[in-house]
Amino acid sequence: MVTLYLMKVAESKEKVAIESLDPKAFIIIKNARVNNLKGVDVAIPRNKLVVITGLSGSGKSSLAFDTLFAEGQRMYVESLSSYARQFLGRMEKPDVEYIKGVSPAIAIQQKVNTRNPRSTVGTTTEIYDYLKLLFSRVGKTYSPVSGEEVKRHTVSDVVDYMFGLGDGTRLMLTCPLRIAEDRTLAQELELLLQKGYTRILVDGEVAFVEELVGQKKLPKGEYEILIDRAVIQTGDEDLQFRLADSVQTAFFEGHGDCKVIAPELGVQTFSDRFELDAISFEVPSVNFFSFNNPYGACKTCEGFGSVLGIDPDLVFPDKSLSVYEGAIAPWRGETMSKWLKPLLKSGIEFDFPIHRPYEELDDWHKEVLWKGNRYFKGLDAFFEELSSRTHQIQYRVLLSRFRGRTTCPDCRGTRLRKDAAYVKVGGRSIIDAVLLPIDEALVFFQELQLSEADEKVARRLLKEIISRLSYMVQVGLGYLTLNRLTSSLSGGEFQRIKLATSLGSALVGSMYILDEPSIGLHPRDTDRLIEVLKSLRDLGNTVIVVEHEEKVMRAADELIDIGPDAGAHGGQLMFQGSLEQLLAQGHTHTARYLNGDAKIDSGRSPRRPTHFLQIRGAREHNLKQVDAKIPLGCLTVVTGVSGSGKSTLIKKILYPALAKQLGLVQEEIGKFDRLEDDVDEITQVEFVDQNPIGKSSRSNPVTYVKAYDPIRALYAEQSMAKQRGYKPAFFSFNVDGGRCEACQGEGTVTVEMQFMADIHLTCEACKGKRFKQEILDVTYKDKTIADVLAMTIDEAMEFFADKTAIINRLQPLQEVGLGYIGMGQSSNTLSGGEAQRVKLAAYLNKPTGKAKDHILFIFDEPTTGLHMHDINKLLFSLNALIEQGHSVLIIEHNTEVIKSADWVLDLGPEGGHGGGHLVFQGTVADLKKEKDNYTARYLRESI
């Protein structure tokens with residue numbers, strides 16, 4: 001068995017054990033040395049759920065992505081023709097002796113790799129492609145005027161009608177005489193004669209064309225061409241073919257119109273034009289429902305879903321005020337109050353409550369404020385007048401104060417042309433379908449009733465739509481809509497969308513490698529995710545997950561633990577086997593935490609809050625008038641199931657509202673009433689997200705925390721540097737002077753290949769060291785500046801142990817668990833969680849400043865990418881910020897972090913429409929006592 005070579009056995013035995021394994025049953029990696037891996041040998045069983053775990057920076061991703069996935073991709077590219085390979089650039093072989101038994105590899109990572117403003121959840125999952133087909137094939141168009149279905153008649157419809165009149169029925173087939181613009185009626189009749197038509201109807205009376213042509217004065221009336229006359233005989237095929245030809249001719253000559261006149265039964269009109277109620281409708285097609293196509297895109301917003309218009313939230317900034325108290329912002333002040341006075345004076349005439357707060361007004365009252373009436377001119381008229389006077393700068397400035405991005409009124413933000421809403425399936429348009437939460441959309445399509453003919457056409461499409469929507473619900477994304485922009489998703493949400501798409505494609509015999517798919521998931525939703533991973537495995541795939549979540553580890557068929565520590569102290573295979581074997585072995589960090597021998601403990605009793613910040617009336621997205629209390633000087637955790645409204649409350653409302661109040665940044669603020677209580681206590685707000693720490697490829701953690709400044713100064717003080725007149729700037733790779741000019745201090749040169757991927761080659765001038773040779777002549781303790789940049793943070797801490805200025809700047813990086821990262825490691829190689837912790841370290845580095853400075857730090861899932869052992873370090877750092885006199889607010893699902901909080905806000909009870917309520921706020925001790933609460937249940941389980 002595979003566990004033979006995992007025990008501490010001799011090298012020779014290990015070699016025999018691995019090479020005796022069958023590549024059909026195992027994916028065998030021999031002597032992997034990528035990044036910090038130290039000759040790792042591992043055999044991963046096929047068609048199993050395998051979890052790779054270990055401390056942050058121990059080498060998990062190096063094994064899973066940089067070794068296994070990279071080799072899978074390289075082997076695929078090598079299998080292509082030489083012509084195709086030239087367009088894919090050069091893919092280097094990972095530093096490994098060999099890898100056997102590699103399956104086709106699919107990597108699903110956290111990065112949201114699209115910023116396309118037109119990309120949505122529907123297009124990313126391909127569900128929208130099936131919806132377009134469904135609505136274009138079986139959709140019925142309904143007139144917005146009468147609500148009747150719009151139909152176009154075919155030749156078959158007319159022939160079927162005629163033969164349905166019964167045997168012996170005498171009838172005439174006619175069509176209107178259409179007179180061309182450049183011809184007279186007489187000329188048109190002459191032309192008819194030449195075409196071979198002999199009879200015509202004038203006001204229903206039959207006349208001969210030849211006789212009319214000779215007349216000087218033609219009779220007035222309605223002219224119709226008599227196309228054919230017949231007596232119906234059921235079963236007469238020749239008559240059927242003749243009448244079909246005649247109907248086609250009638251539609252052609254009548255420009256889409258024809259009549260069947262049966263003297264005994266009356267007149268029936270037919271049209272092959274797609275119109276009703278004097279409106280001509282477009283025939284549904286796939287492009288008709290495509291917002292990425294000029295034909296289908298909304299004409300108002302050009303397919304973007306939003307327009308620049310008057311923002312009601314800027315017009316009514318404080319909804320607790322009444323109209324009398326100045327709720328209407330543009331009508332305040334002496335000049336513009338002339339618009340308000342008629343309303344205040346005449347409000348009683350039409351029962352308008354001028355003293356009632358705006359938030360309590362009925363929809364009718366709010367509409368009156370915009371539309372106006374005979375007593376006063378409304379806001380629409382006001383802004384229209386401002387727009388007409390924009391040649392004067394004061395009116396342009398005034399107008400700009402109330403402009404903002406608003407949802408397009410024509411397409412409701414769906415980006416589709418307005419008349420796409422007229423096409424419906426099961427009573428709903430495609431616009432309705434994409435605006436439904438995915439879990440509700442699934443129910444709609446499962447219960448959809450179609451006619452027998454439509455069901456045959458739609459069967460395969462509905463199967464695909466229902467299958468993919470089901471997987472979206474299973475991975476915990478039922479609260480999203482198909483219209484949601486992909487660029488607005490978190491990394492975890494995007495990864496789960498890709499996972500659901502992979503499930504929808506139902507591949508077999510593949511190797512799926514996932515990077516922490518549990519990120520952003522409440523423990524309740526993690527259970528669903530595990531079921532999805534198992535179903536992916538049961539299809540016949542090998543599922544390899546890099547993960548720290550305890551639930552996922554316990555569900556794994558096989559566990560691989562990399563360690564023992566991070567960076568240079570990691571990169572070894574500590575254990576491989578089942579969960580029971582790991583718990584029995586017990587000597588790795590993972591085993592100790594799973595056994596309960598080690599615990600995450602903040603080591604302090606909960607703080608008792610005395611000052612609070614209050615958010616009143618939050619109602620953005622799915623929030624339902626939430627009033628939330630956030631204590632100051634405490635560690636507060638905001639939690640709740642996925643889609644319950646956490647990010648909306650904190651990222652869309654609290655942060656931008658505070659930032660605007662403090663004059664820091666201008667961001668769009670979600671709908672809420674006001675901030676109350678001890679708002680003035682906060683002097684600054686910092687949102688620490690997982691975005692990269694620098695846009696430049698030369699940016700790195702050491703420059704970000706300002707540790708590189710004292711290092712450059714130290715090298716400039718060396719005797720050789722002084723002799724040569726080198727200043728600290730000469731030891732910088734960001735400015736001219738000492739850096740290698742061939743690569744601009746990058747260490748690599750990018751070769752742009754037309755029509756191919758760019759190739760990054762090590763700079764030949766400096767051999768990747770970034771500096772000129774004369775700069776590298778300067779050493780400190782026999783190490784050049786390039787050697788220092790090649791060190792890890794931990795190694796640099798030892799090397800500069802006697803340099804307080806450098807140690808003080810580097811220590812926070814070590815404290816937040818980033819001792820393993822390289823000093824000169826490019827910032828764009830850091831994961832989201834690592835980038836976030838670098839920012840945290842930078843804040844820990846900052847001097848506390850004035851005694852009265854009080855910063856509110858907001859963190860978005862800081863445990864991303866952290867092993868349980870590292871969460872202790874994170875909590876220590878967060879508490880250090882609070883000890884400096886600041887407040888910390890975290891959006892988090894990790895039960896260990898929730899247990900360490902002083903105050904918890906729990907949103908729910910469900911996601912999407914079922915969420916948006918504040919189900920609990922208070923201490924952890926009180927939360928544990930809650931009965932029907934998901935978070936409370938998982939907290940009790942984890943104790």
Side-chain angles (χ1 to χ4, degrees), residues 131-162 173-183 185 188 201 222-225 227 244 246-261 266-303 305 307 408-434 451 453-454 457-458:
L131 283 181
K132 287 192 293 186
L133 279 168
L134 179 73
F135 277 84
S136 62
R137 297 289 182 269
V138 301
K140 304 284 188 290
T141 304
Y142 293 89
S143 167
V145 178
S146 63
E148 296 292 319
E149 185 182 341
V150 183
K151 290 181 179 177
R152 66 189 306 174
H153 296 114
T154 63
V155 172
S156 300
D157 292 333
V158 184
V159 173
D160 289 345
Y161 170 76
M162 290 192 284
L173 178 66
T174 70
C175 72
L177 175 63
R178 305 294 185 189
I179 302 170
E181 287 181 7
D182 56 345
R183 287 197 288 268
L185 176 57
E188 200 71 58
L201 268 68
E222 185 183 347
Y223 283 72
E224 294 172 76
I225 307 168
I227 303 291
S246 298
V247 171
Q248 205 157 8
T249 305
F251 277 142
F252 175 76
E253 294 291 353
H255 294 194
D257 291 321
C258 76
K259 280 183 186 175
V260 175
I261 304 170
V267 180
Q268 182 67 40
T269 305
F270 295 92
S271 172
D272 73 347
R273 293 196 304 277
F274 202 58
E275 61 184 30
L276 186 68
D277 300 328
I279 303 171
S280 183
F281 294 88
E282 293 285 342
V283 178
S285 65
V286 173
N287 285 339
F288 184 70
F289 299 107
S290 175
F291 48 78
N292 287 326
N293 187 302
Y295 180 63
C298 172
K299 301 297 179 283
T300 307
C301 63
E302 296 181 345
V307 291
C408 175
D410 280 356
C411 66
R412 292 155 59 195
T414 59
R415 309 167 184 78
L416 281 173
R417 54 190 293 170
K418 196 174 183 179
D419 48 353
Y422 304 157
V423 184
K424 297 184 179 180
V425 172
R428 287 188 189 271
S429 68
I430 195 168
I431 288 177
D432 298 329
V434 297
S451 66
D454 285 346
V457 175

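Side chains included, hydrogens not; waters and symmetry mates left out as well; all remaining heavy atoms used.
- Going from atom CZ of R417 over to atom CG of N293 covers 10.0 Å, rounded to the nearest 0.5 Å.
- Legend: residues meeting side chain to side chain contact (heavy atoms under 4.5 Å, CB included) with T154, ordered by chain and number and at least two apart, are S156, D157.
- Applying the salt bridge (Lys or Arg N to Asp or Glu O under 4.0 Å) rule to D160 yields no partners; only residues at least two apart in sequence or on another chain are considered.
- Applying the salt bridge (charged side-chain N to carboxylate O under 4.0 Å, His left out) definition to pairs two or more places apart or across chains, none involves residues 142-152.
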**Prompt:** Which is it for V434 and L416 under the side-chain contact (heavy atoms from CB on, under 4.5 Å) test, yes or no, and what are the steps along the way?
**Reply:** CA-CA 11 Å; V434 297; L416 281 173; 5.9 Å; no
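- Shown here are the side chain to side chain contact (heavy atoms under 4.5 Å, CB included) partners of A180, two or more places apart in sequence or in another chain: D182, R183, E188.
- A search for side-chain hydrogen bond (donor to acceptor under 3.5 Å, both in side chains) contacts involving T414 returns nothing, not counting sequence neighbours.
- S285 is linked by a side chain to side chain contact (heavy atoms under 4.5 Å, CB included) to N287, F288, Y295, counting only residues two or more places apart in sequence or in another chain.
- Considering every non-hydrogen atom in both E224 and T174, the closest pair reads OE1-OG1, 3.0 Å.
- Take D272 and apply the side chain to side chain contact (heavy atoms under 4.5 Å, CB included) test, not counting sequence neighbours, and it matches F251.
- Among residues two or more places apart in sequence or in another chain, the side-chain hydrogen bond (donor to acceptor under 3.5 Å, both in side chains) test is passed with S429 by D432.
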**Message:** Run Y422 and V150 through side-chain contact (heavy atoms from CB on, under 4.5 Å) and show every step you take.
**Reply:** CA-CA 10 Å; Y422 304 157; V150 183; over 6 Å; no
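- Taking the salt bridge (Lys or Arg N to Asp or Glu O under 4.0 Å) definition, one finds that E275 meets it with R273, sequence neighbours left out.
- Applying the ring pair (Phe, Tyr, Trp, His ring centres under 6.0 Å) rule to F270 yields the partners H153, Y161; only residues at least two apart in sequence or on another chain are considered.
- For R415 (side chain) and G305 (main-chain N/O), no donor-acceptor pair under 3.5 Å exists by modelled atom type.
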**Prompt:** Going through the distances and angles, do L185 and L177 end up as a side-chain contact (heavy atoms from CB on, under 4.5 Å)?
**Reply:** CA-CA 9 Å; L185 176 57; L177 175 63; 3.7 Å; yes
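- For the pair V155 and A244, the tightest heavy-atom approach, listed with the atom from each and the gap, is CG1-O, 3.5 Å.
- Here the closest non-hydrogen pair linking A420 and F289 is O-CE2, 3.9 Å.
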**Item:** Candidate pair V423 and I430, rule side-chain contact (heavy atoms from CB on, under 4.5 Å), full reasoning
**Value:** CA-CA 8 Å; V423 184; I430 195 168; over 6 Å; no
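- Partners of D277 according to the side-chain hydrogen bond (donor to acceptor under 3.5 Å, both in side chains) rule, which considers only residues two or more places apart in sequence or in another chain, are S143, S146.
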Per-pair distances, 0.1 Å, donor-acceptor, side chain in residues 131-140, under 3.5 Å, sequence neighbours excluded:
from: S136; atom 1: OG; to: K132; atom 2: O; distance (Å): 2.9
from: S136; atom 1: OG; to: L133; atom 2: O; distance (Å): 3.0
from: K140; atom 1: NZ; to: V138; atom 2: O; distance (Å): 3.4
from: K140; atom 1: NZ; to: D454; atom 2: OD2; distance (Å): 2.6

